[in-house]
Amino acid sequence: MSLTREHLAQEIIDAGRFLYGRGWSPATSSNYSTRLSPTEALLTVSGKHKGQLGLDDVLATDLAGNSLEPGKKPSAETLLHTQLYSWRPEIGAVLHTHSVNATVLSRLTPQDFIEFEDYELQKAFSGVTTHESRVRVPIFDNDQDIARLAAKVQPWLEAHPDCVGYLIRGHGLYTWGARMSDALRQIEAFEFLFECELKTRSLSHR
Ligand SMILES: CSCCC(=O)C(=O)COP(=O)(O)O
Ligand SMILES: [Zn+2]
């Protein structure tokens, strides 16, 4: 059964209230989307406060990132969403957040990835069934040219079909799922793991 545009828009609005409330989407940061059809996405418009979204604050785009609703300004990061829908047809929702922990951890990490190992909470990620696994999260350098950034992300996605999310250094997190509830679960898991990692690093440097 396909969900109506209004239902999908409401999922985006509810996600924004939740993520803003947790402090993971401060100010007008972040953007969220759901798949509207096999060839279209429904995304937040640019520059809105994500804790105060209304039904009119989303717009449809094609998977090349072109707005299908003239008069509305699509998220500056539209291409980072639509490339995920093109990459994997089972993806139904994409969330991008700007938490303090994602920002600090990505800035503190000189390598181009972080890896989580032996955390029970890794099992919150789709496809992970045991703590005895390694979840590698790539970190891409931030870039104001989103097409250029998307071109750097693309080869990683193609080489890592099990990738569950990535960080943009000093900027934030992208993760996704079959449904909005899956993407939200993964955001929460990432935030838990980022905090564990930062606490572990700070305690082991005493
Ligand atoms: C004030 S945050 C800077 C832009 C950004 O990184 C973001 O996530 C929000 O951009 P959008 O165009 O989707 O509002
Ligand atoms: Zn952003």
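Just follow the structure's listing: the first ligand is 1, and inside any ligand the first atom is 1.
The side-chain hydrogen bond (donor to acceptor under 3.5 Å, both in side chains) test with His81 singles out one residue from Thr61, Thr44, Asn31, and that residue is Asn31.
With ring centers used as reference points, Tyr20 lies under 6.0 Å from His49. Aromatic pair Phe113/Tyr166: ring centres not closer than 6.0 Å.
Only backbone heavy atoms of Ser30 (N, CA, C or O) come within less than 4.0 Å of ligand 1; its side chain stays farther off.
Residue contacts with ligand 1: His171 is included, with a non-hydrogen atom under 4.0 Å away.
Atom numbering of ligand 1 starts at 1 in the shown order; those under 4.0 Å from a heavy atom of Thr28 are 1 (C), 9 (C), 14 (O). When each atom of ligand 1 is checked for a heavy atom of His96 under 4.0 Å away, the hits are 8 (O). Counting the atoms of ligand 1 from 1 in the order shown, those under 4.0 Å from a heavy atom of Asn31 are 7 (C), 8 (O), 9 (C), 10 (O), 11 (P), 13 (O).
Within the protein, the number of N, O or S atoms lying under 2.8 Å from the Zn ion (ligand 2) is 4.
With no hydrogens or angles considered, a side-chain donor-acceptor pair links Glu77 and Tyr174 at under 3.5 Å.
Using cut-offs of 30° and 60° for the angle between ring planes, the Trp156 and His160 rings count as parallel.
Considering backbone and side-chain atoms together, Lys50 places an N or O closer than 3.5 Å to an N or O of ligand 1. Annotation: Val45 places no N or O atom under 3.5 Å from an N or O atom of ligand 1; distance criterion only.
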